[in-house]
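Below is one structure, written out as structure tokens; the observations come after it.
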Amino acid sequence: MSFHFTSFILLQVAAKKQTLKNVTDYIADVICKRAKLGYNYGVILIPEGLIDFIPEVQQLISELNEILAHDIAKIETEKMLIQMVETELEVKKLASAYKGQFKGQSYFFGYEGRCGLPYNFDATYCNALGYAAGVLLHSGETGLISSRIYLRISSQCFHFCFFVGLHVGNLAAPVAEWAVGGTALTSLMDVERRHGAPFKKYVSMREEWALNNLYINPGPIQFVGQQLIK
């Protein structure tokens, strides 16, 4: 595993009204800065759906027709950005601002990131969610929503679909101290804002990650032993 050296937050792209040129320039500038440090390599994370959050592209789609809107998912954003970055770096070469050799290689991790083996935390967390669902349903609390739990009672051939909003808190503590509960639908009816502590931490480290090498190789998933604790 390694830290990416730069990435984009979709809501930030939309909020700042960034254009494709802005995104391209940022990537090219980071590549040039790393090249000056002798780092002619790196990883860029392009979130799926980036195109949908760029205002100028949204405007283009609305000005054309509905057919293009349906085909937007077919655009290979990563390949398009590689071509745009290549063009920008050639311009920088002519201005003597970049002397490296750029060879972009794209890979789409649309499903690989979701299909790895669960580790102990995953299994324990999902077990806690299932326990919470059982407690809520047993108590008749089915007016909560955020995720779907499907239960089938085979003996009576009934299919029940309960909508319950589950949450598990205090996850940094030992499992015995975790707190489980349900979330009311009304509490979820709000606009999501990415201004929490994790986001602020990411913003504070973004430039350092962009320019410096911060790589970690923990090896394969460990299920038992001291390495698991680390």
Side-chain angles (χ1 to χ4, degrees), residues 1-58 72 75-116 119 121 171-172 192-222 227-230:
M1 178 181 70
S2 67
F3 287 122
H4 56 278
F5 75 76
T6 192
S7 65
F8 299 91
I9 304 297
L10 296 180
L11 294 180
Q12 254 196 330
V13 171
K16 292 184 176 181
K17 300 186 184 301
Q18 291 181 313
T19 65
L20 275 174
K21 184 68 165 59
N22 294 147
V23 173
T24 302
D25 288 347
Y26 177 76
I27 295 175
D29 288 342
V30 170
I31 291 174
C32 289
K33 291 177 181 178
R34 285 180 60 85
K36 290 179 180 179
L37 296 174
Y39 305 143
N40 289 296
Y41 53 86
V43 179
I44 302 174
L45 271 182
I46 304 298
E48 189 174 5
L50 174 65
I51 290 294
D52 294 325
F53 284 78
I54 296 179
E56 66 175 359
V57 177
Q58 295 175 342
I72 191 69
I75 298 177
E76 296 179 298
T77 309
E78 63 278 9
K79 293 183 179 180
M80 178 183 69
L81 284 175
I82 285 176
Q83 294 179 349
M84 295 179 69
V85 169
E86 285 177 345
T87 301
E88 181 61 26
L89 290 177
E90 287 299 321
V91 173
K92 291 183 177 294
K93 277 186 177 182
L94 294 176
S96 301
Y98 177 65
K99 298 180 180 179
Q101 295 294 325
F102 176 74
K103 294 182 179 180
Q105 181 173 344
S106 65
Y107 194 90
F108 180 68
F109 286 96
Y111 296 98
E112 285 85 345
R114 311 171 194 170
C115 63
Y119 57 104
F121 176 83
L171 296 177
E192 183 180 13
R193 303 293 185 188
R194 298 293 177 89
H195 298 300
F199 175 75
K200 291 179 179 178
K201 179 64 176 179
Y202 167 76
V203 171
S204 69
M205 298 295 296
R206 179 160 47 194
E207 291 305 313
E208 182 177 350
W209 287 348
L211 298 181
N212 299 310
N213 288 336
L214 296 172
Y215 296 105
I216 297 176
N217 182 20
I221 294 175
Q222 303 296 313
Q227 189 63 31
L228 172 64
I229 300 175
K230 297 180 182 179

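Keep in mind it's a predicted model, so treat the numbers as computed, not measured.
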Is there a side-chain contact between [X] and [Y] (heavy atoms, below 4.5 Å)?
X      : Y     : answer
Phe102 : Asn40 : no
Glu48  : Thr77 : no
Asn213 : Tyr41 : yes

Distance, nearest 0.5 Å, that separates [atom1] of [X] from [atom2] of [Y]:
X      : Y      : atom1 : atom2 : answer
Leu81  : Leu50  : CG    : CG    : 6.5 Å
Gln18  : Asp25  : CD    : CG    : 10.5 Å
Lys17  : Asn22  : NZ    : CG    : 12.5 Å
Met205 : Asn212 : CE    : CG    : 9.0 Å
Lys93  : Cys32  : NZ    : SG    : 10.0 Å
Tyr98  : Glu90  : OH    : CD    : 9.0 Å

- Lys21 and Glu88 ion-paired at < 4.0 Å: yes

Check: Is the shortest distance from a Lys or Arg side-chain nitrogen in Asp29 or Lys33 to a carboxylate oxygen in the other one below 4.0 Å?
Finding: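 Answer for the salt bridge query: no.
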
Centres of the Phe8 and Phe53 rings: under 6.0 Å?
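Aromatic pair excluded; centres sit 6.0 Å or further apart.
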
Over all atoms of both residues, closest heavy-atom pair of [X] and [Y]:
X     : Y      : value
Val30 : Ala210 : CG1-O, 3.6 Å
Gly42 : Arg34  : CA-NH2, 4.3 Å
Leu37 : Leu211 : CD1-O, 3.6 Å

Residue pair Tyr202, Ile9: steps toward the side chain to side chain contact (heavy atoms under 4.5 Å, CB included) verdict: CA-CA 10 Å; Tyr202 167 76; Ile9 304 297; 3.8 Å; yes

Note to self: Keeping Glu56 on the side-chain end and Leu20 on the backbone end, is there a donor-acceptor pair under 3.5 Å?
What the structure shows: yes

